[in-house]
Amino acid sequence: MITPGQSPTVALRLDAPPRVASLGVGVHGTGATTEVFRLPDLWQLHLYGYCAELTVDSVVHAVRPGRVSLVPPGAEVRFRYRGRSEHLYAHFALPGSGPAGPTVDVPLVQDAGAEAPALGTLLHRAVVVAPRNPARAAAELWTALWRIAELGVPGGPARPPDPVAAAMAHVEAHLADPLTVPALARVAGVSHNHLTRLFRARTGTTVVGYVRERRMARARHLLRESTLSVTAVAAAVGIADLQAFNKACRRAFGHSPRALRTASGAVPAPAGDQRNPVPR
């Protein structure tokens with residue numbers, strides 16, 4: 001028997017929603033203690049709440065509460081149960097037409113750890129809404145698959161925290177607030193200098209440069225697509241001084257905020273109107 005850390009991997013293509021064939025709560029082990037089957041054309045996702053033994057194409061895996069498995073189409077599956085056993089399951093197809101999309105390598109069996117309750121919630125929701133809203137069910141399953149793909153790296157324990165991702169997430173959620181490299185380093189759990197090196201390696205730019213790019217991207221969107229006043233847009237991206245905002249827009253886009261808005265055809269808000277009809 002192998003452990004989940006040694007589990008072979010499967011390649012998931014997640015660039016489009018899955019096509020859901022069946023979702024539900026599987027109840028097994030009440031009659032026969034062993035089941036052997038294949039799904040020739042469908043993937044199998046199981047989130048376990050019991051102990052059992054799973055064999056996939058002659059490779060044996062230990063099943064425990066909180067573990068999740070992803071079995072590709074055509075694989076022979078053998079379950080050996082220890083009495084009544086319930087799991088959440090999904091049978092689905094992944095995108096297969098059109099140009100080949102990127103794939104993510106995921107362990108066939110792995111521990112969901114602290115993510116298990118959230119995965120259970122997503123799958124339960126998918127099960128409940130599937131009869132009346134298949135598209136919503138597919139969206140819930142798609143989210144669950146992405147979360148499973150991010151649980152851990154092949155052949156090792158759960159991924160260590162990603163300082164750059166943590167800093168980027170903080171930037172996106174706090175563009176209207178003051179953002180400094182030391183503060184972002186504290187959020188990321190690394191030193192100022194280490195975060196700077198990691199950012200340069202990952203993005204090719206500095207932390208300050210990344211913050212500036214994200215602020216200007218948000219500003220351009222709001223200027224082109226909303227009727228927020230220029231003052232409100234500047235505040236929304238953390239540049240309260242209008243002269244500084246004007247200079248930042250000219251440096252980034254070659255135009256003033258008002259010229260950028262006029263060129264896009266967006267209707268400007270009335271002068272002095274600070275209402276914010278667009279949720280940030």
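A quick note: this is a predicted structure, and the numbers were derived from the prediction, not measured.
- In this structure, Asn246 contributes its side chain and Ser256 its backbone to no donor-acceptor pair below 3.5 Å.
- Under the 3.5 Å distance criterion, the side-chain polar atoms of Trp142 are matched with a main-chain donor or acceptor of Leu14.
- The environment of NE2 in His91 is crowded: more than 12 heavy-atom neighbours from other residues, nucleotides or ligands sit within 6.0 Å.
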Without placing hydrogens or testing angles, list every side-chain donor-acceptor pair under 3.5 Å for residues 20-40, not counting sequence neighbours.
{"residue": "Ser22", "atom": "OG", "partner": "Tyr89", "partner atom": "OH", "Å": "2.9"}
{"residue": "His28", "atom": "ND1", "partner": "Glu35", "partner atom": "OE1", "Å": "3.0"}
{"residue": "His28", "atom": "ND1", "partner": "Glu35", "partner atom": "OE2", "Å": "3.1"}
{"residue": "Glu35", "atom": "OE1", "partner": "Tyr81", "partner atom": "OH", "Å": "3.0"}

* Residues Arg19, Phe92; criterion side-chain contact (heavy atoms from CB on, under 4.5 Å); working and verdict -> CA-CA 5 Å; Arg19 177 182 63 80; Phe92 58 94; over 6 Å; no
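- No donor-acceptor distance shorter than 3.5 angstrom exists from the side chain of Arg78 to the backbone of Leu54, with no hydrogens or angles considered.
- Shown here for Asp15 and Pro95, the closest heavy-atom pair between the two residues is OD1-CG, 4.3 Å.
- To the nearest 0.5 Å, atoms OG1 (Thr9) and CG (Asp105) are separated by 4.5 Å.
- Side-chain contact between Thr196 and Thr206 is absent, with no heavy-atom pair separated by less than 4.5 Å.
- Side-chain contact between Glu53 and Thr55: present, with at least one pair of heavy atoms (C-beta onward) separated by less than 4.5 Å.
- When every heavy atom of Leu70 is checked against every heavy atom of Pro72, the shortest pair comes out as O-CD, 3.9 Å.
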* Given Leu47 and His87, is the side-chain contact (heavy atoms from CB on, under 4.5 Å) satisfied, shown in steps? -> CA-CA 6 Å; Leu47 179 62; His87 56 232; 6.0 Å; no
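- Contact of the Thr203 side chain with the Met168 side chain is registered, since non-hydrogen atoms from C-beta on lie closer than 4.5 Å.
- In this structure, Leu88 is not a member of the same hydrophobic cluster as Val128, with clusters built from ILVMFWY side-chain heavy atoms closer than 4.5 Å.
- Interatomic distance, Leu184 CG to Leu195 CG, rounded to the nearest 0.5 Å: 6.5 Å.
- The number of heavy-atom neighbours closer than 6.0 Å to NE2 of His124, taken from other residues, nucleotides and ligands shown, is 12 or below.
- One distance of note links CZ of Phe199 with OG1 of Thr205; it measures 9.0 Å at 0.5 Å rounding.
- For Asp241 (side chain) and Gln243 (main-chain N/O), a donor-acceptor pair under 3.5 Å exists by modelled atom type.
- Remark: side-chain polar atoms of Arg215 are paired, donor with acceptor, to backbone N or O of Val237 under 3.5 angstrom.
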* Intermediate values then yes/no, side-chain hydrogen bond (donor to acceptor under 3.5 Å, both in side chains), Asn193 and Arg197 -> CA-CA 6 Å; Asn193 290 337; Arg197 288 193 295 270; 5.7 Å; no
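- The cluster map of Ile, Leu, Val, Met, Phe, Trp and Tyr, joined by side-chain heavy atoms under 4.5 Å apart, puts Ile239 and Leu179 in different clusters.
- Side chain of His174 to main chain of His170: a donor-acceptor pair is present (N/O by atom type, distance under 3.5 Å, no hydrogens or angles).
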* Could you go through the side-chain contact (heavy atoms from CB on, under 4.5 Å) check for Arg202 and Leu198 one step at a time? => CA-CA 6 Å; Arg202 177 80 63 86; Leu198 291 174; over 6 Å; no
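- Side-chain atoms of Thr180 come within 3.5 Å of backbone atoms of Ala183 as a donor-acceptor pair (strictly under, hydrogens ignored).
- Put simply, Ile148 and Val127 are part of the same group of oily side chains (I, L, V, M, F, W, Y) that touch within less than 4.5 Å, one to the next.
- Heavy-atom minimum distance, Met216 versus Phe253: O-CZ, 3.3 Å.
- Val56 has its side chain within reach of Leu108: a pair of non-hydrogen atoms, C-beta onward, lies under 4.5 Å apart.
- Nearest heavy atom pair, residue Leu223 against residue Arg261, reads O-NE, 3.0 Å.
- In this structure, Arg218 pairs ionically with Glu172, as a charged nitrogen and a carboxylate oxygen lie closer than 4.0 Å.
- Considering all non-hydrogen atoms of both residues, Pro163 and Ala188 come closest at O-CB, 3.3 Å.
- Within the 4.5 Å cutoff, the side chain of Arg258 has no heavy atoms near those of the Cys249 side chain.
- Using a 4.5 Å heavy-atom cutoff, the side chains of Val230 and Phe245 are in contact.
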* To do: Could you walk me through whether Ser69 and Tyr48 pass the side-chain hydrogen bond (donor to acceptor under 3.5 Å, both in side chains) test, one step at a time?
  => CA-CA 8 Å; Ser69 65; Tyr48 300 102; 2.7 Å; yes
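- Side-chain contact check for Cys51 versus Pro65: some heavy-atom pair is nearer than 4.5 Å.
- You'll find the side chain of Leu151 reaches within 4.5 Å of the side chain of Val68, heavy atoms only.
- Expressed to the nearest 0.5 Å, how far CG of Leu94 lies from CZ of Arg13 amounts to 9.0 Å.
- Hydrophobic cluster membership is shared by Val77 and Trp43, with clusters built from Ile, Leu, Val, Met, Phe, Trp and Tyr side chains linked at under 4.5 angstrom.
- In this structure a side-chain-to-backbone donor-acceptor pair under 3.5 Å is missing from Arg224 to Thr262.
- To the nearest 0.5 Å, atom CG of residue Leu122 and atom CD of residue Glu115 are 9.0 Å apart.
- Within 6.0 Å of CZ on Arg80 lie no more than 12 heavy atoms contributed by other residues, nucleotides or ligands.
- With hydrogens and angles disregarded, no donor-acceptor distance shorter than 3.5 Å links the side chain of Arg200 to the backbone of Val207.
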* Asked: Are Leu45 and Leu141 close enough, and set up right, to give a side-chain contact (heavy atoms from CB on, under 4.5 Å), and what steps lead you there?
  -> CA-CA 10 Å; Leu45 163 63; Leu141 176 58; 3.7 Å; yes
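- With hydrogens and angles ignored, the 3.5 Å screen pairs no side-chain donor or acceptor of Gln44 with any backbone N or O of Ala75.
- Nearest heavy-atom pair across Ala62 and Val109 is O-CG1, 4.3 Å.
- Atom CZ of Arg186 sits about 11.0 Å away from atom NE2 of His192, to the nearest 0.5 Å.
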